[in-house]
Protein chains: 2
Amino acid sequence: MQRSTKQRRAIQETLRASGRPLSPKEIEELAQENGEVLSLTTVYRSLKILVESGDLATVELPGQPARYEASGLDHHHHFHCDDCDRMFDVPGCPSDVHSLAPKGFVATHHELILKGQCPACA
Amino acid sequence: MQRSTKQRRAIQETLRASGRPLSPKEIEELAQENGEVLSLTTVYRSLKILVESGDLATVELPGQPARYEASGLDHHHHFHCDDCDRMFDVPGCPSDVHSLAPKGFVATHHELILKGQCPACA
DNA sequence: TTGCTATTGACAACTCATTTCCATTACCTG
DNA sequence: CAGGTAATGGAAATGAGTTGTCAATAGCAA
């Protein structure tokens, strides 16, 4: 059976507090800045369990390590800051996306990533 | 100075003939099926040179190796087939994309990837 | 054709994210 | 509190993509 450990609580709290998708390394660093004791190994192990149990969702970005965020959010997209490399949530979705698919293609889902500068870097 | 070799011509011709973004491995396999002698090492080396010289553009997909296509095409997006794992070009672009960026964010570009089944797999 | 040198190919080596190992630690139930 | 065992941490291993090495090959200018 699953136990509630300091480390696992730190991971979930770090994600909750940041309000944006975090990579394993970001989670480790943010938690440690917060005084938590936590190894990268543990972050990976816990993320895997939390994704499998449906608590977290994976957010992928080309050429980058995966990020993680709470699952069950409304359909949304992501913003990647080219300067600080952080990722943010973007609510909403262009209405006519799937109609772009050429004849013969069946679009069932999609990914949209905006890029540029976040408020802190702009 | 740069030389025109059988291998380099085969790579460009393979890309041109396929009409869709190809990964290094796809290029190697398609060229070899076509009777060309070509190693994966050479594909990587040539792609690097062709991208640096501006002849090719890189197309990235989360969790996947990069694909390459001719540069200088009109602004467009991509379709990834979940079944055969191939990538295709999608002309057009939702008009209001950058307006999705929350206040304070400066969106300078974006990536849109449709997913589902290609005509051959649907 | 000859000679110079860019290019190739096979394989080793590297990178980087992620996973495994295993001895130690710390939840938690009784 | 004590015992059983899930969880942790650090190092080593993995795996996939990509790059480096170097001897052999092949464009290309003379």
Side-chain angles (χ1 to χ4, degrees), chain A residues 1-15 21-53 55-69 78 80 84-87 113, chain B residues 1-15 21-53 55-69 78 80 84-87 113:
Chain A
M1 65 260 47
Q2 200 140 321
R3 291 176 184 172
S4 165
T5 65
K6 214 179 347 169
Q7 288 84 348
R8 225 162 266 182
R9 268 175 270 125
I11 291 171
Q12 308 218 52
E13 172 56 18
T14 301
L15 275 167
L22 298 179
S23 68
K25 213 166 292 179
E26 281 180 313
I27 294 172
E28 185 201 25
E29 288 165 5
L30 287 174
Q32 289 180 348
E33 283 171 18
N34 237 49
E36 299 291 345
V37 175
L38 182 61
S39 75
L40 191 54
T41 304
T42 297
V43 174
Y44 275 108
R45 231 182 335 232
S46 303
L47 286 176
K48 192 176 184 183
I49 290 168
L50 290 167
V51 168
E52 280 168 3
S53 73
D55 290 327
L56 294 184
T58 305
V59 181
E60 308 214 50
L61 188 64
Q64 299 265 322
R67 326 277 164 124
Y68 297 83
E69 69 178 352
H78 297 99
H80 177 252
C84 67
D85 202 39
R86 293 184 299 176
M87 193 172 232
I113 300 159
Chain B
M1 67 255 51
Q2 199 139 322
R3 291 175 185 175
S4 166
T5 65
K6 215 181 345 174
Q7 287 85 349
R8 226 163 265 183
R9 268 175 269 125
I11 290 171
Q12 307 218 52
E13 172 56 18
T14 301
L15 276 167
L22 299 179
S23 68
K25 214 167 290 177
E26 281 180 312
I27 293 173
E28 184 201 25
E29 288 165 4
L30 287 174
Q32 288 180 349
E33 283 171 18
N34 239 49
E36 300 290 346
V37 175
L38 183 61
S39 74
L40 190 54
T41 304
T42 297
V43 175
Y44 274 108
R45 231 181 333 229
S46 303
L47 287 176
K48 194 177 182 180
I49 290 170
L50 291 167
V51 167
E52 280 169 3
S53 72
D55 290 326
L56 295 183
T58 306
V59 180
E60 308 215 48
L61 187 64
Q64 298 265 324
R67 325 276 164 127
Y68 297 83
E69 69 179 353
H78 297 100
H80 178 251
C84 67
D85 200 39
R86 292 185 298 176
M87 192 171 233
I113 299 156

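Convention: sequence-line order gives letters A, B, ...; per-chain numbering from 1.
Taking B/Glu69 as the reference, B/His76, B/His78 meet the side-chain hydrogen bond (donor to acceptor under 3.5 Å, both in side chains) condition, with sequence neighbours excluded. Under the side-chain hydrogen bond (donor to acceptor under 3.5 Å, both in side chains) criterion, A/Arg3 pairs with no residue at all, not counting sequence neighbours. Under the rule for a ring pair (Phe, Tyr, Trp, His ring centres under 6.0 Å), A/His80 has no partner lying at least two apart in sequence or in another chain.
Considering only heavy atoms from C-beta on, A/Leu61 stays 4.5 Å or farther from A/Pro21 through its side chain. A 4.5 Å side-chain heavy-atom check between A/Thr14 and A/Glu36 finds every atom pair outside the cut-off.
Rounded to whole Å, atom P of C/dC16 lies 14 Å from atom CG of A/Asp85. Counting to the nearest Å, the C1' atom of C/dG9 and the CD atom of B/Glu36 are 16 Å from each other. Spacing between atom CZ of A/Arg8 and atom C1' of C/dA26 amounts to 13 Å, rounded to whole angstrom units. Atom CD in B/Gln32 sits about 13 Å away from atom C1' in C/dA10, given to the nearest Å. The interatomic distance linking A/Glu26 (CD) with C/dC16 (C1') rounds to 16 Å, in whole Å.
Without hydrogens or angle criteria, B/Arg9 side chain to B/Ser4 main chain gives a donor-acceptor distance under 3.5 Å. B/Glu26 contributes a side-chain N or O that, together with a main-chain N or O of B/Ser23, makes up a donor-acceptor pair within less than 3.5 Å. Side chain of B/Thr42 to main chain of B/Leu38: no donor-acceptor pair is present (N/O by atom type, distance under 3.5 Å, no hydrogens or angles).
Atom CG of residue B/Leu56 and atom CG of residue B/Leu50 lie 4.5 Å apart, to the nearest 0.5 angstrom.
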Determine, stepwise, if the pair B/Thr58 / B/Val51 fulfils side chain to side chain contact (heavy atoms under 4.5 Å, CB included).
CA-CA 7 Å; B/Thr58 306; B/Val51 167; 4.0 Å; yes
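In this structure, the helix from C/dT1-D/dA30 to C/dG30-D/dC1 shows an angle of 40° between the axis at its start and the axis at its end, each fitted on 5 base pairs and rounded to 10°.
The side chain to side chain contact (heavy atoms under 4.5 Å, CB included) with A/Tyr68 is formed by just one residue from the set A/Ile11, A/Leu47, A/Leu22; it is A/Leu47.
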Treating primed atoms plus P, OP1 and OP2 as sugar-phosphate and everything else as base, which nucleotides of nucleotides 25-30 of chain D get B, S or - for protein heavy atoms under 4.0 Å?
-BBS--
Report, one pair per line, the protein and nucleotides 14-18 of chain D atoms (nitrogen or oxygen only) whose separation is under 3.5 Å.
| unit_1 | atom_1 | unit_2 | atom_2 | d |
| --- | --- | --- | --- | --- |
| D/dG17 | OP2 | B/Lys25 | NZ | 2.9 |
| D/dT18 | OP2 | B/Tyr44 | OH | 2.5 |

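Residue A/Arg45 has no polar side-chain atom (N or O) positioned under 4.0 Å from OP1 or OP2 of C/dT18.
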